[in-house]
Amino acid sequence: MFNPFDLADFLAMRFEGSCVLCFSGGQDSTTLALWGKHAFGQVYLLGFDYAQKHAIELEQAQKIAQLLHLPYACLSLDFLASISASALFTHSTESMQASHPRNPNLPASFVPDRNALFLTLAHAYAFNLGADFVLVGVSQQDYSGYFDCREVFIASMEESLNLGAFGSKEGISILAPLMFASKAQEFQLAQELGGLDLVLEHSHTCYEGVRHKRHIYGYGCGVCPACALRQKGYAEFLEHYKKN
(Lines give C-alpha, C1' and ligand atoms only; values in the text may rest on other atoms or scores of the structure.)
Protein backbone atom coordinates (compact mmCIF):
# COMPACT_ATOMS: atom_id res chain seq x y z
CA MET A 1 0.00 0.00 0.00
CA PHE A 2 2.79 2.42 0.88
CA ASN A 3 5.62 0.92 -1.19
CA PRO A 4 6.95 2.79 -3.01
CA PHE A 5 6.06 6.14 -1.47
CA ASP A 6 3.92 8.07 -3.95
CA LEU A 7 2.76 11.50 -2.84
CA ALA A 8 -0.34 11.66 -5.06
CA ASP A 9 -1.53 8.20 -3.96
CA PHE A 10 -0.75 9.07 -0.35
CA LEU A 11 -2.87 12.23 -0.45
CA ALA A 12 -5.76 10.41 -2.16
CA MET A 13 -6.04 7.68 0.52
CA ARG A 14 -9.10 7.63 2.77
CA PHE A 15 -9.87 5.13 5.53
CA GLU A 16 -13.16 4.30 7.18
CA GLY A 17 -13.09 4.56 10.96
CA SER A 18 -10.60 5.92 13.46
CA CYS A 19 -6.95 5.40 14.34
CA VAL A 20 -4.56 5.61 17.27
CA LEU A 21 -1.26 7.28 16.42
CA CYS A 22 1.89 6.58 18.44
CA PHE A 23 2.80 10.22 18.95
CA SER A 24 6.16 11.54 20.13
CA GLY A 25 5.96 15.10 18.85
CA GLY A 26 8.82 14.42 16.45
CA GLN A 27 8.90 15.00 12.70
CA ASP A 28 7.61 11.55 11.74
CA SER A 29 4.60 11.38 14.05
CA THR A 30 3.72 15.06 13.58
CA THR A 31 3.65 14.54 9.81
CA LEU A 32 1.45 11.48 10.36
CA ALA A 33 -0.88 13.50 12.59
CA LEU A 34 -1.34 15.99 9.74
CA TRP A 35 -1.99 13.14 7.31
CA GLY A 36 -4.23 11.29 9.76
CA LYS A 37 -6.57 14.27 10.01
CA HIS A 38 -6.75 14.18 6.22
CA ALA A 39 -7.25 10.42 5.84
CA PHE A 40 -9.27 9.23 8.89
CA GLY A 41 -12.53 10.17 10.51
CA GLN A 42 -10.89 10.50 13.94
CA VAL A 43 -7.30 10.46 15.17
CA TYR A 44 -6.31 9.72 18.78
CA LEU A 45 -2.74 10.63 19.78
CA LEU A 46 -0.93 8.43 22.29
CA GLY A 47 2.40 9.52 23.77
CA PHE A 48 4.89 7.74 26.01
CA ASP A 49 7.02 9.11 28.83
CA TYR A 50 9.86 6.61 29.26
CA ALA A 51 12.34 8.89 31.08
CA GLN A 52 13.83 9.94 27.75
CA LYS A 53 16.62 12.50 27.75
CA HIS A 54 14.70 14.55 25.19
CA ALA A 55 11.57 14.83 27.36
CA ILE A 56 10.98 18.23 25.76
CA GLU A 57 9.32 16.22 22.98
CA LEU A 58 6.44 15.51 25.38
CA GLU A 59 5.83 19.23 25.85
CA GLN A 60 5.93 19.74 22.10
CA ALA A 61 3.58 16.79 21.57
CA GLN A 62 0.99 18.41 23.82
CA LYS A 63 1.35 21.75 22.01
CA ILE A 64 0.99 20.12 18.61
CA ALA A 65 -2.08 18.17 19.74
CA GLN A 66 -3.69 21.43 20.85
CA LEU A 67 -2.79 23.17 17.58
CA LEU A 68 -4.28 20.30 15.57
CA HIS A 69 -7.29 19.96 17.90
CA LEU A 70 -6.64 16.26 18.43
CA PRO A 71 -7.16 14.28 21.66
CA TYR A 72 -3.86 13.39 23.32
CA ALA A 73 -3.05 10.93 26.11
CA CYS A 74 0.39 10.18 27.53
CA LEU A 75 1.37 6.99 29.38
CA SER A 76 4.13 6.86 32.00
CA LEU A 77 6.69 4.16 31.20
CA ASP A 78 9.54 5.51 33.33
CA PHE A 79 10.18 1.99 34.63
CA LEU A 80 11.79 1.19 31.28
CA ALA A 81 15.00 2.95 32.28
CA SER A 82 15.34 0.68 35.32
CA ILE A 83 15.34 -2.55 33.31
CA SER A 84 17.07 -1.48 30.11
CA ALA A 85 20.11 0.37 28.77
CA SER A 86 20.13 3.23 26.26
CA ALA A 87 21.85 6.56 25.73
CA LEU A 88 18.35 8.01 25.36
CA PHE A 89 17.56 7.68 29.06
CA THR A 90 17.93 10.78 31.25
CA HIS A 91 20.42 9.14 33.62
CA SER A 92 22.67 7.78 30.86
CA THR A 93 26.17 9.18 30.31
CA GLU A 94 26.71 7.19 27.08
CA SER A 95 27.54 9.15 23.94
CA MET A 96 24.85 9.18 21.26
CA GLN A 97 27.63 8.52 18.74
CA ALA A 98 28.71 5.27 20.42
CA SER A 99 27.56 1.70 19.86
CA HIS A 100 25.02 0.08 22.16
CA PRO A 101 26.70 -1.56 25.20
CA ARG A 102 24.72 -4.79 24.67
CA ASN A 103 25.01 -4.99 20.87
CA PRO A 104 27.78 -3.28 18.90
CA ASN A 105 25.67 -3.54 15.73
CA LEU A 106 23.16 -1.07 17.19
CA PRO A 107 23.54 2.63 18.07
CA ALA A 108 23.70 3.63 21.74
CA SER A 109 20.32 5.35 21.35
CA PHE A 110 18.53 2.04 20.76
CA VAL A 111 15.95 1.18 23.46
CA PRO A 112 15.35 -2.60 23.45
CA ASP A 113 11.72 -3.53 22.73
CA ARG A 114 10.56 0.08 22.95
CA ASN A 115 8.55 -0.08 19.73
CA ALA A 116 7.10 -3.46 20.69
CA LEU A 117 5.87 -1.94 23.96
CA PHE A 118 4.51 1.17 22.23
CA LEU A 119 2.62 -0.88 19.66
CA THR A 120 1.22 -3.23 22.31
CA LEU A 121 -0.17 -0.33 24.33
CA ALA A 122 -1.47 1.49 21.25
CA HIS A 123 -3.18 -1.72 20.12
CA ALA A 124 -4.82 -2.11 23.53
CA TYR A 125 -5.94 1.54 23.43
CA ALA A 126 -7.35 1.10 19.92
CA PHE A 127 -9.18 -2.07 21.05
CA ASN A 128 -10.77 -0.12 23.90
CA LEU A 129 -11.75 2.81 21.65
CA GLY A 130 -13.07 0.59 18.89
CA ALA A 131 -10.49 2.01 16.49
CA ASP A 132 -9.60 -0.03 13.42
CA PHE A 133 -6.04 1.20 12.93
CA VAL A 134 -2.81 1.94 14.77
CA LEU A 135 -0.34 4.30 13.08
CA VAL A 136 3.39 4.42 13.76
CA GLY A 137 5.99 6.67 12.12
CA VAL A 138 8.85 4.22 11.60
CA SER A 139 10.83 4.08 8.36
CA GLN A 140 13.30 1.75 6.66
CA GLN A 141 14.56 4.59 4.46
CA ASP A 142 16.06 7.15 6.83
CA TYR A 143 16.60 5.38 10.14
CA SER A 144 19.35 4.77 12.65
CA GLY A 145 19.74 1.01 12.25
CA TYR A 146 16.95 0.00 14.61
CA PHE A 147 15.70 -3.49 13.82
CA ASP A 148 12.24 -2.63 15.17
CA CYS A 149 11.70 0.00 12.47
CA ARG A 150 11.48 -2.58 9.69
CA GLU A 151 8.37 -3.67 7.80
CA VAL A 152 8.81 -7.33 8.83
CA PHE A 153 8.73 -6.35 12.51
CA ILE A 154 5.56 -4.25 12.15
CA ALA A 155 3.81 -7.06 10.28
CA SER A 156 4.84 -9.55 12.95
CA MET A 157 3.53 -7.33 15.74
CA GLU A 158 0.19 -6.85 13.99
CA GLU A 159 -0.26 -10.59 13.58
CA SER A 160 0.74 -11.42 17.17
CA LEU A 161 -1.36 -8.71 18.81
CA ASN A 162 -4.44 -9.58 16.76
CA LEU A 163 -4.04 -13.26 17.59
CA GLY A 164 -3.98 -12.30 21.26
CA ALA A 165 -6.91 -9.87 21.13
CA PHE A 166 -9.15 -11.37 18.44
CA GLY A 167 -7.96 -14.97 18.09
CA SER A 168 -7.24 -14.22 14.45
CA LYS A 169 -4.58 -12.54 12.33
CA GLU A 170 -7.27 -10.02 11.35
CA GLY A 171 -8.40 -7.26 13.68
CA ILE A 172 -6.64 -3.95 14.13
CA SER A 173 -4.36 -2.94 11.26
CA ILE A 174 -0.98 -1.50 12.21
CA LEU A 175 0.05 0.95 9.51
CA ALA A 176 3.52 2.39 9.00
CA PRO A 177 2.75 4.86 6.19
CA LEU A 178 6.24 6.39 6.17
CA MET A 179 8.05 3.04 5.98
CA PHE A 180 9.37 3.77 2.49
CA ALA A 181 9.48 7.58 2.67
CA SER A 182 12.66 9.57 3.13
CA LYS A 183 12.88 12.52 5.50
CA ALA A 184 12.86 14.79 2.43
CA GLN A 185 9.60 13.22 1.27
CA GLU A 186 8.16 13.68 4.75
CA PHE A 187 8.88 17.40 4.52
CA GLN A 188 7.23 17.37 1.10
CA LEU A 189 4.15 15.63 2.52
CA ALA A 190 3.91 18.18 5.35
CA GLN A 191 4.17 20.96 2.76
CA GLU A 192 1.32 19.51 0.69
CA LEU A 193 -0.84 19.16 3.81
CA GLY A 194 -0.21 22.79 4.77
CA GLY A 195 1.74 21.87 7.88
CA LEU A 196 5.40 22.44 6.96
CA ASP A 197 5.76 25.46 9.25
CA LEU A 198 4.18 23.51 12.11
CA VAL A 199 6.65 20.64 11.63
CA LEU A 200 9.65 22.99 11.46
CA GLU A 201 8.66 25.15 14.41
CA HIS A 202 6.98 22.75 16.82
CA SER A 203 8.12 19.16 16.22
CA HIS A 204 11.16 17.99 18.18
CA THR A 205 13.66 15.40 16.95
CA CYS A 206 16.95 16.11 18.76
CA TYR A 207 18.05 13.26 21.06
CA GLU A 208 19.85 15.71 23.35
CA GLY A 209 16.66 17.67 23.97
CA VAL A 210 18.15 20.96 22.76
CA ARG A 211 15.38 23.48 22.19
CA HIS A 212 17.29 26.81 22.32
CA LYS A 213 19.08 26.41 18.98
CA ARG A 214 16.95 27.09 15.89
CA HIS A 215 18.24 25.87 12.53
CA ILE A 216 16.64 26.12 9.12
CA TYR A 217 15.31 22.57 9.59
CA GLY A 218 14.05 23.09 13.14
CA TYR A 219 15.41 22.98 16.69
CA GLY A 220 18.21 20.78 18.00
CA CYS A 221 21.86 20.34 18.86
CA GLY A 222 22.75 19.84 15.20
CA VAL A 223 25.16 17.00 16.07
CA CYS A 224 23.26 13.92 17.30
CA PRO A 225 22.14 11.24 14.81
CA ALA A 226 18.53 12.44 14.85
CA CYS A 227 19.55 16.01 14.02
CA ALA A 228 21.88 14.76 11.29
CA LEU A 229 19.06 12.82 9.61
CA ARG A 230 16.67 15.76 9.84
CA GLN A 231 19.26 18.22 8.52
CA LYS A 232 20.14 15.95 5.60
CA GLY A 233 16.48 15.39 4.79
CA TYR A 234 15.66 19.08 4.81
CA ALA A 235 18.59 19.86 2.51
CA GLU A 236 17.30 17.25 0.05
CA PHE A 237 13.79 18.68 0.37
CA LEU A 238 15.01 22.17 -0.46
CA GLU A 239 16.85 20.83 -3.48
CA HIS A 240 14.10 18.64 -4.91
CA TYR A 241 10.67 19.43 -3.46
CA LYS A 242 10.39 22.92 -1.96
CA LYS A 243 7.73 25.12 -3.52
CA ASN A 244 8.47 28.83 -3.92
Side-chain angles (χ1 to χ4, degrees), residues 2-3 21-29 32 46-58 61 74-124 134-161 163-164 174-183 186 203-210 220-233:
F2 302 107
N3 184 21
L21 168 58
C22 296
F23 190 64
S24 68
Q27 177 187 351
D28 304 330
S29 61
L32 278 187
L46 184 62
F48 307 96
D49 180 355
Y50 56 98
Q52 60 266 53
K53 190 173 292 183
H54 53 308
I56 185 67
E57 72 175 6
L58 299 174
C74 186
L75 302 179
S76 176
L77 307 177
D78 55 359
F79 65 87
L80 201 54
S82 67
I83 63 170
S84 190
S86 172
L88 277 192
F89 294 136
T90 302
H91 68 264
S92 176
T93 58
E94 289 284 339
S95 168
M96 294 289 180
Q97 311 297 332
S99 297
H100 197 278
R102 298 292 181 266
N103 186 339
N105 296 317
L106 290 167
S109 55
F110 178 69
V111 181
D113 297 320
R114 179 184 63 170
N115 284 349
L117 181 58
F118 288 179
L119 289 173
T120 299
L121 295 170
H123 191 277
V134 167
L135 268 60
V136 61
V138 296
S139 173
Q140 288 185 175
Q141 296 297 102
D142 289 339
Y143 81 124
S144 300
Y146 302 161
F147 300 137
D148 58 0
C149 288
R150 298 175 300 167
E151 184 181 32
V152 63
F153 173 76
I154 301 301
S156 175
M157 285 296 298
E158 175 183 307
E159 181 175 324
S160 295
L161 291 171
L163 283 170
I174 300 180
L175 305 181
L178 303 177
M179 180 63 73
F180 301 98
S182 67
K183 285 289 186 286
E186 286 186 36
S203 71
H204 185 88
T205 301
C206 175
Y207 285 158
E208 298 291 352
V210 173
C221 68
V223 178
C224 73
C227 281
L229 275 178
R230 182 160 170 158
Q231 182 177 11
K232 177 177 176 288

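These values consider heavy atoms only, across backbone and side chains, with no hydrogens, waters or symmetry-generated copies. Sequence positions, counted from 1, serve as the residue numbers for this chain.
The minimum heavy-atom distance linking Ala51 with Asp49 is given by the pair N-OD1, 3.2 Å. Across all their heavy atoms, Ser24 and Ala61 have their closest contact at O-CB, 3.9 Å. The shortest non-hydrogen separation linking Gly220 to Cys227 is CA-SG, 3.8 Å. The nearest pair of heavy atoms linking Pro112 to Ala85 is CD-O, 3.7 Å.
Rounding to the nearest 0.5 angstrom, the gap separating the NE2 atom in His100 from the CD atom in Glu94 is 8.5 Å. With values rounded to the nearest 0.5 angstrom, Leu58 atom CG is found 5.0 Å from Cys74 atom SG. In this structure, CG in Leu46 is found 4.5 Å from CG in Leu75, a value given to the nearest 0.5 Å. Annotation: the span from Leu178 atom CG to Ser29 atom OG amounts to 9.5 Å, rounded to 0.5 Å. The structure places CZ of Phe23 at 9.5 Å from CG of Leu32, a figure rounded to the nearest 0.5 Å. To the nearest 0.5 angstrom, Tyr50 atom OH is 11.0 Å from Ser84 atom OG.
Every ring-ring contact (aromatic ring centres under 6.0 Å, His included) that Phe48 has, sequence neighbours left out, goes to Phe118. Residues satisfying the side chain to side chain donor-acceptor pair (under 3.5 Å) criterion with Glu57, sequence neighbours excluded, are Gln52, His54. Under the rule for a ring-ring contact (aromatic ring centres under 6.0 Å, His included), the partners of Phe2 that lie at least two apart in sequence or sit in another chain are Phe10.
Looking at Ser156, its side chain never comes within 3.5 Å of a backbone N or O of Val152 through a donor-acceptor pair. Under the 3.5 Å distance criterion, the side-chain polar atoms of Ser82 are matched with a main-chain donor or acceptor of Phe79. No donor-acceptor pair under 3.5 Å is formed between the side chain of Glu151 and the backbone N or O of Met179.
Partner of Val134 under the side-chain contact (heavy atoms from CB on, under 4.5 Å) criterion, chosen from Ile174, Leu175, Leu161: Ile174. Shown are Lys183, Gln231, Arg230; of these, the side-chain contact (heavy atoms from CB on, under 4.5 Å) with Thr205 is made only by Arg230. Of the candidates Leu80, Asp148, Val111, Leu117 forms a side-chain contact (heavy atoms from CB on, under 4.5 Å) with just one, namely Leu80.
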Q) Between Asn115 and Val136, does a side-chain contact (heavy atoms from CB on, under 4.5 Å) hold up when you go through it step by step? A) CA-CA 9 Å; Asn115 284 349; Val136 61; 5.6 Å; no

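The side-chain heavy atoms of Ser109 and Tyr146, taken from C-beta on, include a pair separated by under 4.5 Å.
When the shell of 6.0 Å around CG of Asp113 is examined, it contains 12 or fewer heavy atoms from other residues, nucleotides or ligands.
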